[in-house]
*Asks:* 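Here's a structure for you.
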Amino acid sequence: MKRRIDQSDQKFTSGERLQQTVKRPKDIGVQARSQWWVWTWTKVGLLSLCVLSVTILFLQQLFTVSDDLSRPSDFGLNHTINIYLNSEEGVRVGVWYTVPEHRWKEAQGKDLEWYEKALGDGSPIFIYLHGNTGNRSSPPHRIGVANVLSAVGYHVLVLDYRGFGDSTSEPTELGLTTDTIYLYNWVKARSGNSLVCVWGHSLGSGVATNTAVKLQEKGKHFDGIILEGAFRNGQVAIEHPFTWFYWKFPYIQYYLFNPLKDNILNLPNDDNLKKIRTPLMLLHAEDDHIVPFYMAQELYNIAKNAQNSDERVKLVPFNGSLGYLHNGLYKDPHLPSIIREFVQSLSLTA
């Protein structure tokens with residue numbers, strides 16, 4: 001009797017196993033719905049990426065401002081002349097040249113010949129290399145920096161690299177450096193013994209250090225370098241209003257159509273500063289939301305070690321509570337005295 005019960009139990013257990021191995025219609029339905037949801041959300045994700053790509057391209061065109069840059073007076077610059085220079089065959093770059101503020105009355109109605117002669121009046125000269133996107137008029141902090149330098153008593157030349165603003169051709173790493181070297185030589189040919197410095201902001205910091213290295217190789221040099229919001233090293237995508245998006249999410253370009261892929265520059269500030277022997281000042285906001293402040297500290301250490309000097313390399317931080325972020329340093333009331341002190345130190349070492 002006990003043996004029969006055991007056999008019966010064994011049959012029942014085998015039946016349970018058989019029942020477990022056979023998928024019931026309800027189980028098949030659950031699995032099908034699960035697969036449907038996965039496929040649906042995959043399609044939604046891919047569609048969202050496509051929509052985002054198209055939206056970025058549309059907004060790029062929407063926010064491209066068509067300004068008449070040949071009339072700097074329209075932008076409140078009443079002692080500024082617009083210049084076009086041919087940096088190489090087939091390339092024309094636009095430049096705004098502002099004389100020191102104390103000469104603004106004298107500058108009214110003057111032509112290019114007068115402005116060229118003014119470069120040799122002994123006042124220091126700054127070539128300003130702006131950051132990504134826009135042109136020499138916009139964003140407005142570029143005019144702000146030019147106004148600060150002019151108010152201190154300096155000449156300022158603001159360059160639109162090739163492919164920016166109303167400058168022709170397409171921007172390339174070599175091309176941006178070529179444009180800057182050409183402007184430097186144009187200024188030196190007219191400036192006599194005046195100090196010639198460069199101010200590079202963000203993208204412009206990389207162009208500035210690239211140019212400084214090239215000049216140094218040719219036995220030439222800037223008398224001083226100011227880098228504002230400078231990054232350490234990296235690939236920079238240029239001429240696009242959403243560059244910050246690619247900086248924050250660099251791997252998105254592998255999953256999303258990337259309109260920047262043909263305009264990627266390698267601008268190694270860290271490597272360049274190991275070679276440069278020009279007095280340097282780094283300006284950086286502690287709350288910079290594009291280029292973190294620690295990068296300025298790293299660049300400072302690199303440059304200080306390379307030049308073996310605490311006097312020739314300076315780092316000026318701006319407290320994060322001031323809210324200057326990446327573009328607002330020109331608003332600081334202490335900036336004119338900071339610049340003046342730096343330039344005076346160049347006169348002592350020149």
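Computation of the quantities below employed the complete heavy-atom set of this structure, encompassing side-chain atoms and omitting hydrogens, waters and symmetry-equivalent molecules. Quantities reported herein were computed from a predicted structural model and do not represent experimental measurements.
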*Asks:* Check whether any side-chain heavy atom of Val343 lies under 4.5 Å from a side-chain heavy atom of Phe126, and answer yes or no.
*Replies:* yes
*Asks:* Do you know which two heavy atoms are closest between Arg277 and Gln216, and how far apart they sit?
*Replies:* N-OE1, 3.2 Å
*Asks:* Looking only at atom types and distance, does a side-chain atom of Asn82 sit under 3.5 Å from a main-chain N or O of Arg71, one as donor and one as acceptor?
*Replies:* no
*Asks:* Measuring from Lys110:NZ to Lys117:NZ, what's the distance to the nearest 0.5 Å?
*Replies:* 11.5 Å
*Asks:* Side-chain contact test, heavy atoms from C-beta onward, threshold under 4.5 Å: evaluate it for Asp74 versus Leu69 and give yes or no.
*Replies:* no
*Asks:* Write out all pairs satisfying salt bridge (charged side-chain N to carboxylate O under 4.0 Å, His left out) with one or both partners inside residues 78-90, taking only residues at least two apart or from two chains.
*Replies:* Glu88-Arg162
*Asks:* For Asn308, does the CG atom have more than 12 heavy-atom neighbours from other residues, nucleotides or ligands under 6.0 Å away?
*Replies:* no
*Asks:* Working to the nearest 0.5 Å, report the span between SG of Cys197 and CG of Asp223.
*Replies:* 5.5 Å
*Asks:* Do Ile143 and Ser138 come within less than 4.5 Å of each other through their side chains, counting heavy atoms only?
*Replies:* no
*Asks:* Tell me whether Ile125 shares a hydrophobic cluster with Tyr182, the cluster being built from Ile, Leu, Val, Met, Phe, Trp, Tyr side chains joined at under 4.5 Å.
*Replies:* yes
*Asks:* Going by atom types alone, do Asp166 and Tyr84 pair a side-chain donor with an acceptor below 3.5 Å?
*Replies:* yes
*Asks:* Where the side chain of Gln307 meets the backbone of Thr278, is there a donor-acceptor pair that is under 3.5 Å apart?
*Replies:* yes
*Asks:* Can you list the residues that meet the side-chain hydrogen bond (donor to acceptor under 3.5 Å, both in side chains) rule with Glu106, with sequence neighbours excluded?
*Replies:* Arg103
*Asks:* Gly144 and Tyr330: which non-hydrogen atoms are nearest, and at how many Å?
*Replies:* CA-CD1, 3.6 Å
*Asks:* First locate atom CZ of Arg232, then atom CG of Asn269, and finally report the distance between them rounded to the nearest 0.5 Å.
*Replies:* 10.5 Å
*Asks:* Could you tell me if the side chain of Trp96 sits less than 4.5 Å from the side chain of Ser137, heavy atoms only?
*Replies:* yes
*Asks:* Contact between Thr211 and Val198 at the side-chain level, heavy atoms closer than 4.5 Å - yes or no?
*Replies:* no
*Asks:* Looking only at heavy atoms, which two atoms of Tyr115 and Ala107 are closest? And how far apart?
*Replies:* OH-CB, 3.7 Å
*Asks:* Could you tell me the separation between the CG atom of Leu159 and the CD1 atom of Ile83, rounded to the nearest 0.5 Å?
*Replies:* 11.0 Å
*Asks:* Quick check: do Ile339 and Trp199 have side-chain heavy atoms less than 4.5 Å from each other?
*Replies:* yes
*Asks:* Measure across Phe231 and Val291 and return the closest heavy-atom pair with its distance rounded to 0.1 Å.
*Replies:* CA-CG1, 3.5 Å
*Asks:* Could you tell me which non-hydrogen atom of Asp310 sits nearest to which non-hydrogen atom of Tyr300, and how far apart they are?
*Replies:* OD1-OH, 4.2 Å
*Asks:* Determine, step by step, whether Leu335 and Leu283 satisfy the side chain to side chain contact (heavy atoms under 4.5 Å, CB included) criterion, reporting the C-alpha distance in whole Å, the side-chain angles of both residues, the deciding distance to 0.1 Å, and the verdict.
*Replies:* CA-CA 10 Å; Leu335 185 60; Leu283 307 175; 4.0 Å; yes
*Asks:* Are the side chains of Val316 and Met281 in contact, using a 4.5 Å heavy-atom criterion?
*Replies:* yes
*Asks:* Please report the C-alpha distance between Trp186 and Leu157 in whole Å, then the side-chain angles of each, then the deciding distance to 0.1 Å, and finally whether the side chain to side chain contact (heavy atoms under 4.5 Å, CB included) criterion is met.
*Replies:* CA-CA 11 Å; Trp186 186 89; Leu157 293 100; 3.9 Å; yes
*Asks:* Are Ile181 and Lys220 packed together at the side-chain level, in the sense that at least one heavy-atom pair is separated by less than 4.5 angstrom?
*Replies:* no
*Asks:* My understanding is that only residues two or more places apart in sequence, or in another chain, count here; which of them pass salt bridge (Lys or Arg N to Asp or Glu O under 4.0 Å) with Arg92?
*Replies:* none
*Asks:* For the pair His326 and His201, name the ring-plane relationship: parallel under 30°, tilted 30 to 60°, perpendicular over 60°.
*Replies:* tilted
*Asks:* What pairs of residues pass the side-chain hydrogen bond (donor to acceptor under 3.5 Å, both in side chains) test when at least one of them lies in residues 150-161, not counting sequence neighbours?
*Replies:* His79-Ser150, Tyr97-His155, Asp121-His155, His130-Asp160, Arg136-Asp160
*Asks:* Applying side chain to side chain contact (heavy atoms under 4.5 Å, CB included), run through Ser347 and Leu195 and close with a yes or a no.
*Replies:* CA-CA 8 Å; Ser347 300; Leu195 294 173; 3.6 Å; yes
*Asks:* From Asp288 CG over to Tyr294 OH, what is the distance, rounded to the nearest 0.5 angstrom?
*Replies:* 11.5 Å
*Asks:* Could you measure the distance from the CG atom of Asn233 to the CG atom of Asn266? Nearest 0.5 Å is fine.
*Replies:* 7.5 Å
*Asks:* Which residues pass the salt bridge (Lys or Arg N to Asp or Glu O under 4.0 Å) test with Arg190, sequence neighbours left out?
*Replies:* Glu116
*Asks:* Do the side chains of Ile302 and Phe293 join up, straight or via other hydrophobic residues, at under 4.5 Å, putting them in one cluster?
*Replies:* yes
*Asks:* Kindly say whether Trp114 contributes a backbone atom to a donor-acceptor pair with the side chain of Asp111 at under 3.5 angstrom?
*Replies:* yes
*Asks:* Compare every heavy atom of Val156 with every heavy atom of Ala146, then report the nearest pair and how far apart it is.
*Replies:* O-CG2, 3.8 Å
*Asks:* Who are the salt bridge (Lys or Arg N to Asp or Glu O under 4.0 Å) partners of Glu311, not counting sequence neighbours?
*Replies:* none
*Asks:* Can you get from Leu325 to Ile290 by hopping between Ile, Leu, Val, Met, Phe, Trp and Tyr side chains that sit under 4.5 Å apart?
*Replies:* no
